[in-house]
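Just so it is clear: chains get the letters A, B, ... in the order the sequence lines come, proteins before strands, and each one is counted from 1. Owing to the predicted nature of the structure, the values given are computational and were not obtained by experimental measurement.
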There are 2 protein chains.
Amino acid sequence: MDNRIRVLIVDDHEMVRMGLSAYLSTEDEIDVVGEASNGKEGVEMALALRPHVILMDLVMDEMNGIEATKLITESFSKMSWDSKIIILTSFIEEDKVMPALDAGAFSYLLKTSKAEDIVRAIKKAREGESTLEGKVGQVMLANSRKKTAKHETLTEREMEVLKEIGKGKTNKEIAETLFIGVKTVKTHVSNVLSKLELEDRTKVAVYANKHHLTDDM
Amino acid sequence: MDNRIRVLIVDDHEMVRMGLSAYLSTEDEIDVVGEASNGKEGVEMALALRPHVILMDLVMDEMNGIEATKLITESFSKMSWDSKIIILTSFIEEDKVMPALDAGAFSYLLKTSKAEDIVRAIKKAREGESTLEGKVGQVMLANSRKKTAKHETLTEREMEVLKEIGKGKTNKEIAETLFIGVKTVKTHVSNVLSKLELEDRTKVAVYANKHHLTDDM
DNA sequence: TTTGATCTCCGCCTTAAGGCGGAGACGGAA
DNA sequence: TTCCGTCTCCGCCTTAAGGCGGAGATCAAA
């Protein structure tokens, strides 16, 4: 049995797979045993190939990286095998760091990482040491504080009002769409403002749009 | 003078650059003359190298692909030179297709494209034929109805005010960040409202966020 | 030079927004 | 039953927002 690190690449961007496998092939200790172009394929190949390390993209159609990670770790835990999964992603998707780690990811790297950093992360992963790159540490800290998104505390009605504000409606317009009085809308708005710790409806509108709480678009 | 196609790659993902340049180098007719890791660098290298074709990623820090595209086409139009810019992006960012084409992009490809498709698009671009992949055709149809975005008519200052409203700021806060009086802010806000045909700042905030005019995030 | 666009600021006025406090109705949990 | 959360609505009050009209300064184009 030779002790090269068996690596599986899961990414729907052909050029990313190409780049990675081209570079990793130049490394003596690394052996790219497979490439998958979506999460579903990734899970199948992981189970079949049992790689030591899996480089996993997050955003993919068919099945995303988080689901795939979850499936792989669950399956392997039942068969006493352990593939280290390294999440590879763009900086834009950093809000998915925590879910990914929860799903069983071992390391986290940004796609902007230099090739040698990726190699290092693969070797470290093989040795049982995880790598968390980028603002991940900060993000983890920030998220541990937040825990629950503030709008989770809103009542059903308050959430409806929030959504309407997110569409840019006035109290009068909201009153009409929800078939209630303007005074009532005002009450809900006040509650929303205090629960979200915001000062005015404009900030609420921004909040709603940032958190994609407008149900349209 | 040899007639190989001079290509510049602009992408902040090292592995994408690696993959592309590795593959394109195997093509006789193509010559990768440079790689840039962000929009700013991309603009500089474009001006310096005058490539025939530029492969441009959209999402980058420092300067995104749209701004870079705009700068490059503007600069080149003044010096009667013409680089064809091919936007390369993930399917998630398809809402940025139109802004990219408006900015002067020539073709549009998804990163999931096969390597040979990219080569084909490069050759076509050199011959003056653009390639629009994915749902782009449909998106263009849908958007062509819209005409010009209303916010194009805003002055520079009004646009700044618009952005601040998009962050949820009050007139007082905007006045402070822009170092002008509240009265002046009000004037700008009034102009923004009438130009965008909106009734209040909340709708402006929604508009700004929908059109990704907040420059943060 | 004249003109037009832009940015800056003023006063006056009306109204929507939002805080504060109170309250009745209803339904589920203790 | 009592209690609590939620939804509904009221009045009173203060302030931010926004419309309307006017105006001076600057700068570039005609």
Side-chain angles (χ1 to χ4, degrees), chain A residues 147-211 213-215, chain B residues 70 74-75 77-78 148-211 213-215:
Chain A
K147 214 155 275 188
T148 39
K150 290 190 186 108
H151 63 260
E152 299 286 335
T153 67
L154 297 180
T155 68
E156 208 169 324
R157 209 53 165 164
E158 287 159 359
M159 186 60 96
E160 292 182 72
V161 171
L162 168 71
K163 286 181 182 174
E164 298 304 318
I165 294 177
K167 293 174 189 165
K169 293 191 181 175
T170 62
N171 287 339
K172 194 171 156 235
E173 291 169 330
I174 296 174
E176 283 160 6
T177 53
L178 297 186
F179 304 108
I180 55 179
V182 177
K183 300 293 179 64
T184 309
V185 176
K186 280 187 154 201
T187 305
H188 292 314
V189 171
S190 289
N191 291 333
V192 171
L193 288 172
S194 70
K195 285 189 182 177
L196 299 190
E197 297 172 61
L198 298 173
E199 291 74 42
D200 53 74
R201 70 194 301 106
T202 308
K203 294 189 205 298
V204 174
V206 174
Y207 181 98
N209 279 278
K210 277 223 190 311
H211 292 74
L213 263 28
T214 44
D215 74 28
Chain B
K70 199 175 295 180
E74 278 172 8
S75 303
S77 75
K78 291 174 191 159
T148 37
K150 289 183 186 118
H151 63 259
E152 298 289 335
T153 67
L154 296 181
T155 67
E156 208 170 324
R157 210 51 165 164
E158 286 160 358
M159 185 61 96
E160 292 183 73
V161 171
L162 168 71
K163 286 180 182 174
E164 297 304 319
I165 294 178
K167 293 174 190 164
K169 293 193 181 175
T170 62
N171 288 338
K172 194 171 155 235
E173 291 169 331
I174 296 173
E176 282 160 7
T177 53
L178 297 186
F179 303 108
I180 54 179
V182 177
K183 300 292 179 63
T184 309
V185 176
K186 281 185 154 202
T187 305
H188 292 314
V189 171
S190 289
N191 291 333
V192 170
L193 288 172
S194 70
K195 284 188 182 178
L196 300 189
E197 297 173 63
L198 298 174
E199 292 72 42
D200 53 74
R201 71 196 298 104
T202 308
K203 294 188 205 296
V204 173
V206 174
Y207 181 98
N209 279 278
K210 278 224 191 308
H211 291 75
L213 263 28
T214 44
D215 75 28

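- Between the C1' atom of C:dA16 and the CZ atom of B:R201 lies a distance of 13 Å, rounded to the nearest Å.
- Straight-line distance from the CD atom of B:E199 to the C1' atom of C:dT15: 15 Å, rounded to whole Å.
- The base of D:dC9 sits with one of its N or O atoms less than 3.5 Å from a complementary donor or acceptor on the side chain of A:T187.
- Under the 4.5 Å side-chain criterion, counting only non-hydrogen atoms from C-beta, B:T170 is not in contact with A:E199.
- Within the structure, every side-chain polar atom (N or O) of B:R157 is placed at least 4.0 Å from both OP1 and OP2 of C:dC7.
- Rounded to an integer number of Å, the gap from B:M159 CE to C:dC7 P is 12 Å.
- Contacts of A:T155 with the nucleic acid, taken as non-hydrogen atoms under 4.0 Å apart, involve only primed sugar atoms and P, OP1 or OP2.
- A heavy-atom distance below 4.5 Å is not found between the side chains of B:N191 and B:T155.
- Applying the 4.0 Å criterion to OP1 and OP2 of D:dT8, one finds that A:H188 has a side-chain N or O inside that range.
- Between A:E164 and A:K167, at least one side-chain nitrogen of the basic residue sits less than 4.0 Å from a carboxylate oxygen of the acidic one, meeting the salt-bridge criterion.
- Residue B:E158 is out of contact with every strand shown, counting any heavy-atom pair closer than 4.0 Å.
- Here B:N171 does not reach the OP1 or OP2 of D:dA16: none of its side-chain N or O atoms lies under 4.0 Å away.
- The shortest distance between the side-chain N/O atoms of B:T184 and the OP1/OP2 oxygens of C:dC7 is not below 4.0 Å.
- Of all nucleotides listed (D:dC9, C:dC7, C:dG18), D:dC9 comes nearest to the side chain of A:K183.
- Both A:I180 and B:K186 sit near DNA chain D, but only A:I180 has its closest nucleotide nearer the 5' end.
- Contact annotation: B:S190 side-chain N/O to D:dG19 OP1/OP2 distance is under 4.0 Å.
- Rounded to an integer number of Å, the gap from CG of A:N191 to C1' of D:dT8 is 12 Å.
- Residue B:K172 contributes atom NZ, which lies 16 Å from atom P of C:dC9 at whole-angstrom precision.
- Atoms CG (B:D200) and C1' (C:dG18) sit 15 Å apart, rounded to a whole Å.
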Note to self: Would A:R157 and A:E160 count as a salt bridge (Lys or Arg N to Asp or Glu O under 4.0 Å) here? Give the steps.
What the structure shows: CA-CA 5 Å; A:R157 209 53 165 164; A:E160 292 182 72; 3.2 Å; yes
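- Between A:L154 atom CG and D:dC7 atom C1' there is a gap of 15 Å when expressed in whole angstrom units.
- Atom CD in B:E173 sits roughly 12 Å away from atom C1' in D:dA16 (whole-Å rounding).
- At distances below 3.5 Å, not a single donor-acceptor pair connects side-chain atoms of B:N171 with backbone N or O atoms of B:I174.
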